Structure formats: C-alpha cells, structure tokens
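Remember, it's a predicted structure, so these values are computed and weren't measured experimentally. Convention: sequence-line order gives letters A, B, ...; per-chain numbering from 1.
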Number of protein chains: 2
Amino acid sequence: MVQYAKARLDASFAALSDATRRGVLEQLGRADASITDLAEKFHMTLTGMKKHVGVLEQAGLVTTEKVGRVRTCKLGLRGLEEEAAWIERYRQVWDARFDELDKIVEELKRKEKVDGRKKRE
Amino acid sequence: MVQYAKARLDASFAALSDATRRGVLEQLGRADASITDLAEKFHMTLTGMKKHVGVLEQAGLVTTEKVGRVRTCKLGLRGLEEEAAWIERYRQVWDARFDELDKIVEELKRKEKVDGRKKRE
DNA sequence: TACATACTGAACCGAATGGTTCAGTATGCG
DNA sequence: CGCATACTGAACCATTCGGTTCAGTATGTA
C-alpha cells in the first residue's frame, strides 16, 4: 500500500523526536549494548529503556537479539535513507521557494537601480 | 543553553512525524495558503488545522501572518539544515558500522578458503 | 446595518507517550 | 541447590496529541 511508506516515516521521525532515543542510536553506532548498559548510560529503569528500544526496533532502526539472559541491541538493517530523501526533497522545495523570493527582490532592486549583491548564501 | 539545539531537534522531528503536517509543508512549498485552504485540503476542522500549523510554527518550519480576517501560512525561514545534518552524521556512522561487519565477513570468508585449502592439502 | 466569512479559544475526548513500581521468569554461577 | 543478574509484563500515572464541538470575536461586504 502507499500508506506503508507514510506510516514508516511517521514511526521513524517519531522515534527521532526523543533525545534519549537519538542518544541510543549514537551509542549503538559506537558499540552494541545490552538493555542494562543503555539504561545505566541514560539514567533510567530497565523497563523504561526497554520501551525506548522497542520504539526504535518498531521503526526498524534497531535490531535486538537475546542470548541467554542478555538482549543485545545493535543498529538496524535500515539506515535513514527514506528520511534523508524526504528532507532532501523538502530542502529543494524550500530553496526554490526562497530563490523565487530572491528573484523578486532582485527585480525590485534592479528597478530601483540599486546594485544589489546576493543576500542569501 | 546547550539544551536549545536538542529541544529544536525534538520539536522538528516531532513536527515531521505526522503525515498531515508533512503534507502541509509540501503544500506550502507549492503556494502560501490560509488556514481555511489547508483545513479543506486535509479534510479537517479549522481548529484542528490551526493546531497543526501551530506545531509547525513552533518548530520554526512555518511562519504565519494575519491580514484582515485571513491568516496566511508560508514556509518558515528555517530549512531543515540541522535535521539533515543529524541524519547525515548518523548515516555515516551507520555505513561505517556495516563496513566493519563486511570486513569481518570478508575475513571469515578468507579464513574459510584458507582452511579449505589446508584441508585439501 | 445585517449577514457571511475567517479565525480563535476553551473545553472535552480517547489514545499514545514517557516514565515509574512491582511482581514475576529465565539464566548463569559458585 | 541457592542466590544474583537480566530481562519482561502488567498496572499505574501525568502529560501530550490529534481531533472534535461550541461559543465567541473581528472583518469584509451588500
């Protein structure tokens, strides 16, 4: 369904909207970690951290595997390709929109016979 | 405060985690719009849409100006530079992480070949 | 002046979030 | 066996979210 990608963006952006979860991703970028490791690092209960990991896992950003007593968390198979793509596309639209504005400003300036240098980098 | 940038990422990723709001951003990329315009386009009440616009405005992604009865919404001065940067940084870490894995796999494959040769010898 | 339009704000609603505690279960280890 | 570790699940809690209705206010227009 078309809804699928949309729901995925919902989930991943929501996952990224929490500082703790962004921190967990950065941490897992450095090394795999158990729930206990992460809970300690971020000063919260095991249960609390497990929920965060659940959110990240649901969003496909983290995978976990339990061996013995220990559940090890690592970065998921999915990168943030779709999210990066959405943002990139948006940035293009945004740039275009302001280029348009710049053009209008340029036009006005030229009409005023003012030698205007580009304002926006 | 240092917390500022963090809170901003919180706000903008949260803003992006809703399909309606992403739609509003895309729409405003095409043309400025009133609250009424947007409410109609996304099939919800004025009040509901105003809340969404409020979230986007709070995140700095949209600006609005009221002239007469009409509040016009347009893309904000902020693009998604910080968000893009965060994701890009993450993607690099992610890539590095999997390159590492690839190397390990390569290493294993090489050893297997060597072992295989040894056995055959 | 009268009426329609466009928004605003308060109040409410059910569901989701981010966290906790507490009471398990499963596992490792001496 | 007996105890510590590591997680799990249910229940609870306050807050936020996404949406509504309803009752305004302000503005444009005939």
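- Between the CD atom of B:Gln58 and the C1' atom of D:dC17 there is a distance of 15 Å, given to the nearest Å.
- A:Met44 has its CE atom 6 Å from the P atom of C:dT20, to the nearest Å.
- Taken together through direct or relayed side-chain contacts under 4.5 Å among Ile, Leu, Val, Met, Phe, Trp and Tyr, A:Leu38 and B:Val93 form parts of separate hydrophobic clusters.
- Protein atom CG of B:Asp10 is 13 Å distant from nucleotide atom P of D:dT16, rounded to whole Å.
- Here D:dT20 presents its C1' atom at 17 Å from NE2 of B:His43, a figure rounded to the nearest Å.
- Checking D:dT27, C:dG9, C:dT27 against the side-chain heavy atoms of B:Arg69 singles out D:dT27 as nearest.
- Relative to the side chain of B:Lys51, the nucleotides D:dG9, C:dC12, C:dG28 differ in distance, and C:dC12 lies closest.
- Distances were taken from every side-chain heavy atom of B:Lys50 (C-beta onward) to each of C:dT21, D:dT21, C:dT8; the shortest belongs to C:dT8.
- To the nearest angstrom, C1' of D:dC17 lies 16 Å from CG of B:Leu16.
- Between B:Glu40 atom CD and C:dT5 atom P the separation is 11 Å, expressed in whole Å.
- Under a hydrophobic-cluster definition in which Ile, Leu, Val, Met, Phe, Trp and Tyr are linked whenever side-chain heavy atoms come within less than 4.5 Å, directly or via other members, A:Val62 and A:Phe42 are assigned to the same cluster.
- Closest-nucleotide positions on DNA chain C for A:Ser17 and A:Gly68 were compared, and the one nearer the 5' end corresponds to A:Ser17.
- Of the candidates C:dT8, C:dG19, D:dG18, D:dG18 carries the atom nearest the B:His52 side chain, counting heavy atoms from C-beta on.
- Rounded to whole Å, the distance from CE on A:Met49 to P on D:dT8 is 13 Å.
- For the pair B:Thr45 and D:dG19, the criterion of a side-chain N or O lying under 4.0 Å from OP1 or OP2 is not met.
- With hydrogens and angles ignored, a donor-acceptor pair closer than 3.5 Å exists between the side chain of B:Thr47 and the base of C:dG9.
- At the heavy-atom level, A:Ile35 lies under 4.0 Å from the strands shown only through sugar-phosphate atoms.
- Ring geometry for B:Phe13 versus B:Trp86: interplanar angle over 60°, hence perpendicular rather than tilted (30 to 60°).
- Taking the charged nitrogens against the carboxylate oxygens, A:Glu83 and A:Arg8 have no contact shorter than 4.0 Å, which rules out a salt bridge.
- The side chain of B:Lys66 contributes an N or O atom lying less than 4.0 Å from OP1 or OP2 of C:dT8.
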message: For A:Leu28 and B:Trp94: C-alpha separation, side-chain torsions, deciding distance, then whether side chain to side chain contact (heavy atoms under 4.5 Å, CB included) applies.
response: CA-CA 9 Å; A:Leu28 294 182; B:Trp94 188 84; over 6 Å; no
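- Rounding to whole angstrom units, CZ of residue A:Arg71 and P of C:dG28 are separated by 14 Å.
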